[in-house]
Amino acid sequence: MQIRLFKPSFNNDEIESIKEAFKLPWLGYGKKVKKFEKDFSKFIGSKFSIGLNSCTAALHIALAVNNFKRKKKVLVPVMTFSATAASVLYNDLEPIFVDINKDNLNINFDDLKKKYTKDCVALLAVHFGGHPCEMDKITDWARKKKLIVIEDCAHTLGGEFKGKKLGTWGDFGCYSFEDKKIISTGDGGTLCTNNKKKFELLKSISFHGWSKDPWERHKKRKNKNHWYYQIQNLGFKYNMNDLIASIAISQLKKLKNFNRIRIKILREYIFQLKDLKNFTFAIDYRLKNSCYWLLILKTKKRDKFINYLKLNGISSTVHLMPLNYHPLYKKYKAKTPISNKTWKNLVSLPLFIDLKKNQIDYIVKKIKEFDKNYFNF
Ligand SMILES: Cc1ncc(COP(=O)(O)O)c(C=O)c1O
């Protein structure tokens, strides 16, 4: 058996949706993107959404739209994907790395408060693996400190914390539809916000900084000077296009069902793996109204375990080596003892919605074999 770690889930719906897009003489930034943005806002419960080409783009402009002074500081969890912290550097700001929680790998609220200085202007809350950060405490505290809160929701879509969807607690929510994510369009992303003024600026900077996007101009083509636009801001080419939006519309319709299946798979894993001696769950999974992207175990013989899985046809990986271990981020020194210790034991196992019961049983069997013979490895 060969089992992948992640796999996007498509069927004829997406193919039909793409065919529809091809029927229009328009594949760029057009009415499919507009429809997707409307659907997304309704689903997530936010006033405004912008279809983008990635979550990286969303993070970049969610910071850029605030026009922070150069070299100001942004609080970032030390254990996150490179793009979270890169968005800080793109804006000529500096990351302050914050440690993680022992029981769920998310940003540690006490350390967040400790690392705060008067130079801080924003914080990035990453719902790691899909586990919700403590958004009630974080947003209350951040408001008092006048910090902008950006939620990096690349690992979750539709998951809730205290009855409110992740990505709608802070000032901005950033989502990823990259190949391996909760829904997938190959590459893609979205940014949501309730702030109208910032939304308008974000829309402009996500498309060359123009005053009007091409679809608005096209729609008014019968008017005089329909072609006219101004370059008002230094913008980027970060928009989603109609081809990608056609897939996103179709995937979004399936999301509730996808999330039900994710919960079912995780419940099965947790039930079958609860009595292991040499493994623990890296996240204290709370499955109700959740959307988890990662199943992560902790074991002291992590690298031997990954190799054992490989020999048995099971893909696995490590999420993630802390950023301050990477050459680019070494100079942003910070005390992060929990992440330094924890990451060495982490291993992510296959989790995708087309994973079958017999594949889960096989993975569990191999984990149990390793656990039983642990001292021989
Ligand atoms: C936490 C986190 N943020 C941001 C991103 C970037 O997403 P994208 O590939 O859509 O730019 C990723 C990608 O895996 C991620 O894991």
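Nothing here was measured: the structure is a model prediction, and the numbers come from that model. All residue numbers refer to positions in the sequence shown, counting from 1. One-based numbering, in listed order, for ligands and for the atoms of each.
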### Message
One pair to check against salt bridge (charged side-chain N to carboxylate O under 4.0 Å, His left out): K372 and E369. What are the steps and the verdict?
### Response
CA-CA 5 Å; K372 201 169 156 213; E369 264 173 33; over 6 Å; no
### Query
Do you know which of I247, D187, I244, T190 makes side chain to side chain contact (heavy atoms under 4.5 Å, CB included) with F177?
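Among I247, D187, I244, T190, the one that satisfies the side chain to side chain contact (heavy atoms under 4.5 Å, CB included) with F177 is T190.
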Closer than 4.0 Å to some heavy atom of [X] - which atoms of ligand 1 meet that?
{"X": "S54", "value": "10 (O), 11 (O)"}
{"X": "A154", "value": "1 (C), 2 (C), 3 (N), 4 (C), 5 (C), 12 (C), 15 (C)"}
{"X": "T84", "value": "1 (C), 3 (N)"}
{"X": "T80", "value": "1 (C)"}

Tell me the protein heavy atom at minimum distance from [atom], and give that distance in Å.
{"atom": "atom 3 (N) of ligand 1", "answer": "D152 OD2, 2.7 Å"}
{"atom": "atom 12 (C) of ligand 1", "answer": "F81 CD2, 3.2 Å"}
{"atom": "atom 10 (O) of ligand 1", "answer": "S176 OG, 2.7 Å"}
{"atom": "atom 16 (O) of ligand 1", "answer": "H155 NE2, 2.7 Å"}

### Query
Do K237 and N239 come within less than 4.5 Å of each other through their side chains, counting heavy atoms only?
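SC-SC contact between K237 and N239 confirmed.
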Ring centres under 6.0 Å, that's the criterion: do [X] and [Y] meet it?
{"X": "F161", "Y": "H127", "result": "no"}
{"X": "H131", "Y": "Y285", "result": "no"}
{"X": "W293", "Y": "H319", "result": "yes"}

### Message
For C55, which part has a heavy atom under 4.0 Å from ligand 1: side chain, backbone, both, or neither?
### Response
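Both parts.
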### Query
Does ligand 1 have a heavy atom under 4.0 Å from the side chain of D187, from its backbone, from both, or from neither?
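No part of D187 is near ligand 1 at this cut-off.
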### Query
Are any of the N/O atoms in E178 less than 3.5 Å from those in ligand 1?
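No - when backbone and side-chain N and O of E178 are compared with those of ligand 1, no distance drops under 3.5 Å.
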### Task
Give yes or no for whether the N/O distance cutoff of 3.5 Å, strictly under, is met between A83 and ligand 1.
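A83 vs ligand 1: no N/O contact under 3.5 Å.
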### Message
Does either side chain, that of N66 or that of K72, offer a donor lying less than 3.5 Å from an acceptor on the other one?
### Response
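Looking only at side-chain atoms, K72 and N66 do not form any donor-acceptor pair under 3.5 Å.
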### Task
Have a look at L124, T56, L294 and point out the one with the heavy atom closest to atom 6 (C) of ligand 1.
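The residue whose heavy atom sits nearest atom 6 (C) of ligand 1 is T56.
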### Task
Using the six-membered ring wherever Trp is involved, compare the ring planes of Y374 and F370 and label them parallel, tilted or perpendicular (cut-offs 30° and 60°).
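Perpendicular, since the angle between the ring planes exceeds 60°.
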### Query
Under a heavy-atom criterion of less than 4.0 Å, does K181 contact ligand 1?
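A heavy atom of K181 does come that close to ligand 1.
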### N/O donor-acceptor pair under 3.5 Å between N289 side chain and G163 backbone
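Checking the backbone N and O of G163 against the side chain of N289, no donor-acceptor pair under 3.5 Å is found.
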